[in-house]
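Values below: all heavy atoms of this structure, side chains included; hydrogens, waters and symmetry mates excluded. Sequence lines set the chain letters: A, B, ... in the order given, protein chains first and strands last, and positions in each chain run from 1.
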Amino acid sequence: MDFKNKVYSIIERVPKGKVTTYGQVARLAGNSKAARAVGALMKNNPDTKRIPCHRVVSSKGKLTGFSAKGGIEKKKEMLLDEGVNFVGDIVDLSRSQIIK
DNA sequence: CAATTGACGTAGT
DNA sequence: CACTACGCCAATT
């Protein structure tokens with residue numbers, strides 16, 4: 001299984017109302033230092049319908065990237081709509097992150 | 001094929 | 001808390 005496929009598989013499993021971090025995904029995929037690559041993979045996102053890339057945030061809970069229309073703003077809206085707990089523009093990881 | 005770029009993370013100042 | 005410096009990986013040029 002390629003690294004990228006692992007990453008996609010992991011993100012597919014992220015439940016609604018919960019989020020994960022690039023670093024966490026990288027770690028689960030096998031490379032704890034590939035957080036940056038995870039972001040690159042999101043940009044390549046082969047299937048936005050299947051892969052909820054908006055549920056992936058930085059280790060601090062900060063929303064970064066998101067090339068789709070609306071950018072960060074839109075991403076935040078979507079997460080709020082799913083029930084993710086926010087603190088300003090930052091996600092409250094202690095409550096919404098899958099792996100605590 | 002080498003160099004650049006960037007949706008990252010950690011540690012130090 | 002902000003800013004910098006370094007390391008890492010994959011995609012793009």
Side-chain angles (χ1 to χ4, degrees):
Chain A
M1 182 76 93
D2 290 349
F3 173 72
K4 57 182 180 181
N5 288 317
K6 288 185 184 177
V7 172
Y8 294 141
S9 298
I10 294 167
I11 298 178
E12 281 181 73
R13 297 173 203 159
V14 178
K16 173 174 169 297
K18 291 288 181 181
V19 301
T20 187
T21 69
Y22 295 99
Q24 191 64 71
V25 173
R27 184 184 292 268
L28 294 177
N31 298 306
S32 59
K33 310 156 195 149
R36 211 164 185 174
V38 175
L41 291 173
M42 294 303 93
K43 187 172 55 176
N44 296 327
N45 194 342
D47 197 336
T48 58
K49 308 296 180 188
R50 200 182 66 168
I51 303 169
C53 51
H54 59 275
R55 291 184 190 151
V56 186
V57 300
S58 72
S59 63
K60 305 295 192 304
K62 174 68 178 169
L63 276 56
T64 51
F66 203 63
S67 303
K69 190 173 188 287
I72 306 304
E73 297 286 320
K74 186 65 177 178
K75 182 172 176 179
K76 182 181 174 185
E77 295 286 319
M78 292 172 10
L79 290 174
L80 281 171
D81 188 58
E82 294 186 349
V84 175
N85 192 304
F86 268 80
V87 178
D89 290 355
I90 306 302
V91 176
D92 185 348
L93 296 177
S94 61
R95 295 199 241 207
S96 303
Q97 184 177 31
I98 302 175
I99 307 167
K100 187 167 43 173

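- Nucleotide B/dA7 holds its C1' atom 17 Å from the CD atom of A/Gln24, rounded to whole Å.
- If you check every strand for non-hydrogen atoms under 4.0 Å, A/Asn31 touches nothing.
- Counting non-hydrogen atoms of neighbouring residues, nucleotides and ligands closer than 6.0 angstrom, the CG atom of A/Asp89 reaches no more than 12 such neighbours.
- Each of A/Arg27 and A/Cys53 was matched to the nucleotide of DNA chain B holding its nearest heavy atom; the match closer to the 5' end belongs to A/Cys53.
- Of the two residues near DNA chain C, A/Arg36 and A/Lys4, the one whose nearest nucleotide lies more 5' is A/Arg36.
- Atom P of nucleotide B/dC8 and atom CD1 of A/Ile90 are separated by 13 Å, given to the nearest angstrom.
- The side chain of A/Ser59 places no N or O atom within less than 4.0 Å of a non-bridging phosphate oxygen (OP1 or OP2) of B/dC8.
- Checking the phosphate oxygens (OP1, OP2) of B/dA7, no side-chain nitrogen or oxygen of A/Asn45 falls inside 4.0 Å.
- As rounded to whole Å, 16 Å separates atom P of B/dA7 from atom OH of A/Tyr8.
- As rounded to whole Å, 12 Å separates atom C1' of B/dC8 from atom CG of A/Leu41.
- What separates CG of A/Asn44 from P of C/dC9 is a distance of 17 Å, to the nearest Å.
- Side-chain proximity of A/Ala35 to the nucleotides B/dG9, C/dC9, C/dA11 is greatest for B/dG9.
- Taking a 6.0 Å sphere around NZ of A/Lys4, one finds it holds 12 or fewer heavy atoms contributed by other residues, nucleotides or ligands.
- The number of heavy-atom neighbours closer than 6.0 Å to CD of A/Glu12, taken from other residues, nucleotides and ligands shown, is above 12.
- Of the candidate nucleotides B/dG9, B/dT10, B/dA7, B/dG9 has the atom nearest to the side chain of A/Ser58.
- We find the CG-CG distance between A/Asn85 and A/Leu79 to be 11.5 Å, quoted to the nearest 0.5 Å.
- Checking B/dG9, C/dA10, B/dA7 against the side-chain heavy atoms of A/Thr21 singles out B/dG9 as nearest.
- Straight-line distance from the CZ atom of A/Phe66 to the P atom of B/dC8: 14 Å, rounded to whole Å.
- When rounded to the nearest whole Å, the span between NZ of A/Lys33 and C1' of C/dA10 equals 16 Å.
- Across all strands, A/Thr64 comes closer than 4.0 Å to base atoms (heavy-atom distances).
- At the heavy-atom level, A/Lys60 lies under 4.0 Å from base atoms of the strands shown.
- For A/Asn31 (side chain) and A/Lys33 (main-chain N/O), no donor-acceptor pair under 3.5 Å exists by modelled atom type.
- To the nearest angstrom, P of B/dA7 lies 16 Å from CD of A/Glu73.
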